Amino acid sequence: MEWKTRADFVFALEKLTGPLKPYYSEGGARLRLGPCGAVYNRDIIEMEAFARPLWGLAPFWGGGGRGEIFAHIYREGLRNGTNPDHPEYWGKIKPCDQRMVEMAPIGLALVMAADKIYDPLSDVEKENVVQWLNQINELDLVDNNWQFFNVLTNLGLKAVGAPYCQEKMNHAFARFEKFYLGDGWYRDGLTPNTDYYISFAIHFYSLIYAKVMENEDPARSKLYKDRAMQFAQTFIHWFDEDGVSIPFGRSLTYRFAQCSFWGACVFAGLQPFELGVMKGIIARHMEHWMNRPIFDNAGILTVGYEYPNLNMAEGYNAPGSPYWALKAFIILALPEEHEFWRIKALPMPPRDDVAYLKHAFMVLQHQPHNTTALRSGKFPFFNPAQATEKYAKFAYSTYFGFSVPRSYDTIRKAAPDSMLAFEVDGIIRVRKECSATKIENNVVWSKWSPAEGIVVETTLTPTACGHKRKHVVTVQRECVAYDCGFSIDAERLESETEANRVTAQNPYAVSSIASAQGEPMLIDVEPNTNLKYPYTALPAICHTLKPGSYVLESEIEAYVKE
């Protein structure tokens, strides 16, 4: 489809939200999309599913869209979900409650489209809405990006002339300052964690605040805009020339929310790059995602990444969770006459082939149709599912993706692409936390221990088509080590194993690993482990180690065919 005019983006939003209509509850306050569970109960799962489409619908209405069917659904849902006497009442919340997360898009809707879902309510119904939302001001939130859910909720209350809590908003602003690292980068709470929550959460919310409050709070609005301008200069390296962004970190089922930062910049009036460049990133990114099998047969977004996949999900990924992706539609808040809708989408601006991102602990490599992040192995204290694989691999690629394990019983089930994996006592062990890390002159070094009696120092050096690895390994027990390259789509695969190299290729790409030591092998990994491809093969070098010290060197090549 085209991604040029506002009508094109409205069409895409309708394609994403239209299939939801049959699944709203009778009272409109719940959205029932599937039987899968989460770390919160069924009532909250259905309330979350109700709220998240508002990330797209609120900007659509705010930019002049009509959408009367959804306006009716959400007016009824808000009326009944906040009514303590209604069977679909959303209930009293607790500290750090998931419903606090879902208050934020409701707050955004009150800011952008109160005329659609709030103004038509009776005085009693409006008071119910206010009382229910005000619960967020009475309880503690998780001390990370969640702090700004309070701000967006209170902005909504303020927008409709209801009582709100400036003290709680000020607390959130103060917490965000504690999270700030410099150069436009934050961490997600007081952890070393820098992932998409910096872009599609912290900056996204800050830019909404900056736009809405630029006249009433000009100093803070300017601060947030300035930081976003700085952040953009390095965040652009997370995208390849085709608009595909690096699969990295948690919450990857939120998919095209990865480009929402650029839309928030445009909404806030910022141009860290030419407007056409930002339109190009958004358009190519959305085109990529809308051509992937991410929907079920009813047209509902699934949990997964580039195909439905519960194996890679976190415990907080419920059937409605993927609609966080609709943050990408913040640009629909721009009116029809905005320049964004008229200009031509432009390609990426010139970028260095290799770039060091200090606060992301990464070295980025740009190749044709593929961007790779070499990672130092910093690791969050917060442990979502498969945290090791989502944060601690040696490399992450926009084209080749990465894999998560089915188990650690065998190398095939562990699927440890871009890792040095040790088989010890029948268990596969990989890099998790590092005892020391360093990046100098685009060379990435880390010291780590996968198991007692094994210490590794790994050096990663970028090359034209991949990177070189040097592992200084000390082992006190016999074990087997697998130095693994990038997984590759196994459809129409051809492979060749030589004395010191194994190469796997399909009609589109090549993945290989070479070493003067060890035994080259191609691992036929368990299906549905890679986030991008259901069936993959994994080139690796196998080393049999006895107690002693070793220097294991390899060269990884992975590239897209021209």
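None of the values given here were measured: they were computed from a predicted structure.
Checked for salt-bridge contact, E306 and R255 miss the test: no charged N lies under 4.0 Å from a carboxylate O. A salt bridge does not link R30 with E88: every distance from a Lys NZ or Arg NE/NH1/NH2 to an Asp or Glu carboxylate oxygen is 4.0 Å or more. Salt-bridge annotation for D489 and K532: absent, with no side-chain N of the basic residue lying under 4.0 Å from a carboxylate O of the acidic one.
When side chains are defined from C-beta on, L301 counts as touching I294, because their heavy atoms get closer than 4.5 Å. For the pair L207 and C265, the minimum side-chain heavy-atom distance is below 4.5 Å. Counting only heavy atoms from C-beta outward, the side chains of F295 and L16 approach each other to under 4.5 Å. The side-chain heavy atoms of Y23 and I300, taken from C-beta on, include a pair separated by under 4.5 Å. Looking at heavy atoms from C-beta onward, M278 lies in side-chain contact with Q271 at the 4.5 angstrom threshold. Inter-residue side-chain proximity for L538 and P416 is flagged as met; some heavy-atom pair is nearer than 4.5 Å. Looking at heavy atoms from C-beta onward, Y399 lies out of side-chain contact with H369 at the 4.5 angstrom threshold.
Aromatic ring centroids of F231 and F261 lie under 6.0 Å apart. Residues F200 and F256 place their aromatic rings such that the two centres sit no closer than 6.0 Å. Ring centers of W238 and Y196: under 6.0 Å apart, within the cut-off. Between W3 and F9, the ring centre distance stays below 6.0 Å.
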Check residues 45-52 and write down every donor-acceptor pair under 3.5 Å in which the side-chain atom is one partner and the other belongs to a residue at least two apart or another chain.
unit_1	atom_1	unit_2	atom_2	d
E46	OE1	R32	NE	3.2
E46	OE2	R32	NE	3.4
E48	OE1	Y40	OH	3.4
E48	OE1	S321	N	3.3
E48	OE1	S321	OG	2.8
E48	OE2	Y40	OH	2.7
E48	OE2	R52	NH2	3.4
E48	OE2	Q98	NE2	3.3
E48	OE2	S321	OG	3.4
R52	NE	E102	OE1	3.1
R52	NE	E102	OE2	3.4
R52	NH1	Y254	OH	3.3
R52	NH1	S321	O	3.1
R52	NH2	E102	OE2	3.0

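In this structure, the separation between CG on N506 and OH on Y533 is 8.0 Å, given to the nearest 0.5 Å.
Between F239 and W262, the angle of the ring planes goes over 60°, which puts this pair in the perpendicular group of the 30/60° scheme.
Not counting sequence neighbours, the partners of F400 by the ring-ring contact (aromatic ring centres under 6.0 Å, His included) test are F486. Legend: residues meeting ring-ring contact (aromatic ring centres under 6.0 Å, His included) with F394, ordered by chain and number and at least two apart, are H471.
Using modelled atom types and a 3.5 Å distance limit, the side chains of N530 and T536 yield no donor-acceptor pair.
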Item to check | Derivation of the salt bridge (Lys or Arg N to Asp or Glu O under 4.0 Å) call for K279 and E274 | outcome: CA-CA 9 Å; K279 184 172 184 175; E274 287 185 66; over 6 Å; no

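Annotation: cation-pi geometry satisfied between R250 and Y197 (NZ/CZ under 6.0 angstrom from ring centroid, within 45° of ring axis).
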